[in-house]
Novice: 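Structure below; questions to follow.
Since the structure is predicted, the reported quantities are computational estimates derived from the model, not experimental observations.
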Amino acid sequence: MTDAPFAAAGPGIASRAVPWAKAMSILLGGSVIGIAVTSAITGWSFHVIVEWSEKIFGGLFVAMFAGLLYASVLALIKVHGRSAAEPGVRAWFESGVQASSGIATLALTYTLLGISLGIGSLSSQELNPATIPQVIKGLTEHFSMAFMTTVLGLPVSAALRSALLVYQARAEERA
């Protein structure tokens, strides 16, 4: 049995993989490595890490972040190793830059949301010596979400944009 349909793609399974599958593999592998590193640093189990992530980030942030991250990684794969003269390279580059910028926008939006929710919670509670600990607890939960989304989103966004810019520069040199 031969690999005739993949003969033009070159040797190796990685060169034959469909781009969307490569992007998914990178995301899933990166997630596993991220969880393993987090577990090694904190000593937390997988279950605790997932609960903490859900509490801090929320499901909607995680879903939107994952979607934008997937789009950025897919664009990286589509631009990597190609010439800028090839059809679609510029469109994939622009799509990737927009998706990675979307990650930064998402992170900053959630930062402002967390701060707003924290400040908003102050207006709905009576402040007196007995309620101060509960008010502070609520504030720190909202502010924790606010700042953790920025801590995660901005570096990821910057790294993806940088990689896309380098890949696009290489593609332009090949043209």
Novice: If you measure from CG on Leu76 to CG on Leu160, what distance do you get to the nearest 0.5 Å?
Specialist: 6.0 Å
Novice: May I ask you to decide if Ser72's main-chain N or O and Ser100's side chain share a donor-acceptor pair within less than 3.5 Å?
Specialist: no
Novice: Verify, without hydrogens or angle tests, whether Arg82 (side chain) and Pro87 (backbone) share a donor-acceptor contact under 3.5 angstrom.
Specialist: yes
Novice: Working to the nearest 0.5 angstrom, can you tell me the gap between Thr111 OG1 and Leu154 CG?
Specialist: 7.0 Å
Novice: State the CG-CD1 distance between Leu69 and Ile26, to the nearest 0.5 angstrom.
Specialist: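 Separation between the atoms: 10.0 Å.
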Novice: More than 12 heavy atoms of other residues, nucleotides or ligands under 6.0 Å from CZ of Arg161: is that the case?
Specialist: yes
Novice: If Ile, Leu, Val, Met, Phe, Trp and Tyr residues are connected whenever their side-chain heavy atoms lie under 4.5 Å apart, and connections chain through other members, are Phe147 and Leu112 in the same group?
Specialist: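 The answer is no; the residues belong to distinct hydrophobic clusters.
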Novice: Is there a continuous path of hydrophobic side-chain contacts, each under 4.5 Å between heavy atoms, that joins Leu60 to Phe57?
Specialist: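 Yes, it is one cluster - the side chains of Leu60 and Phe57 are joined through contacts under 4.5 Å.
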Novice: If we ignore hydrogens and angles and just use 3.5 Å, is the side chain of Ser157 paired with the main-chain N or O of Ile103 as donor and acceptor?
Specialist: no
Novice: Looking at every non-hydrogen atom in both residues, tell me the closest pair between Ser144 and Ile56 and how far apart they are.
Specialist: OG-CD1, 3.2 Å
Novice: Taking all non-hydrogen atoms of both residues into account, name the closest pair between Thr38 and Ile49 and its distance.
Specialist: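 The answer is CG2-CD1, 3.9 Å.
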Novice: For residues 71-118, which residue pairs qualify under ring pair (Phe, Tyr, Trp, His ring centres under 6.0 Å), counting only residues two or more places apart or in two chains?
Specialist: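 Residue pairs with at least one partner in residues 71-118: Phe61-Tyr110, His80-Tyr167.
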Novice: Where the side chain of Ser39 meets the backbone of Trp44, is there a donor-acceptor pair that is under 3.5 Å apart?
Specialist: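 Such a contact is found between Ser39 side chain and Trp44 backbone.
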Novice: What's the spacing between Met145 CE and Leu113 CG if we round to 0.5 Å?
Specialist: 4.5 Å
Novice: Are Val18 and Ile77 connected in a single hydrophobic cluster, I mean Ile/Leu/Val/Met/Phe/Trp/Tyr linked by side-chain heavy atoms less than 4.5 Å apart?
Specialist: yes
Novice: Give a yes or no on this: more than 12 heavy atoms of other residues, nucleotides or ligands lie within 6.0 Å of atom CH2 of Trp52.
Specialist: yes
Novice: What's the separation between atom CE in Met64 and atom OG1 in Thr149, rounded to the nearest 0.5 Å?
Specialist: 10.5 Å
Novice: Donor-acceptor check, side chain of Gln134 to backbone of Thr131, threshold 3.5 angstrom: yes or no?
Specialist: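 No; zero donor-acceptor contacts below 3.5 Å.
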Novice: Are Leu28 and Leu74 connected in the hydrophobic side-chain network, where two residues link if heavy atoms are under 4.5 Å apart?
Specialist: yes
Novice: Assess whether a salt bridge exists between Glu94 and Arg90, defined as any Lys/Arg side-chain N lying under 4.0 Å from an Asp/Glu carboxylate O.
Specialist: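 Looking at Arg90 together with Glu94, the answer is yes, because their closest N to O distance falls below 4.0 Å.
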Novice: Roughly how far, to the nearest 0.5 Å, is the CD1 atom of Ile132 from the CG atom of Leu127?
Specialist: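 The CD1 atom of Ile132 is 5.0 Å from CG of Leu127, to the nearest 0.5 Å.
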Novice: Tell me the closest heavy-atom pair linking Val89 and Val79, and the distance in Å.
Specialist: O-CG2, 3.8 Å
Novice: Consider only side-chain heavy atoms of I, L, V, M, F, W and Y, link residues closer than 4.5 Å, and tell whether Ile115 and Leu108 are in one cluster.
Specialist: no
Novice: Where is the tightest heavy-atom contact between Gly114 and His142, given as atom of each residue plus distance?
Specialist: O-CB, 3.3 Å
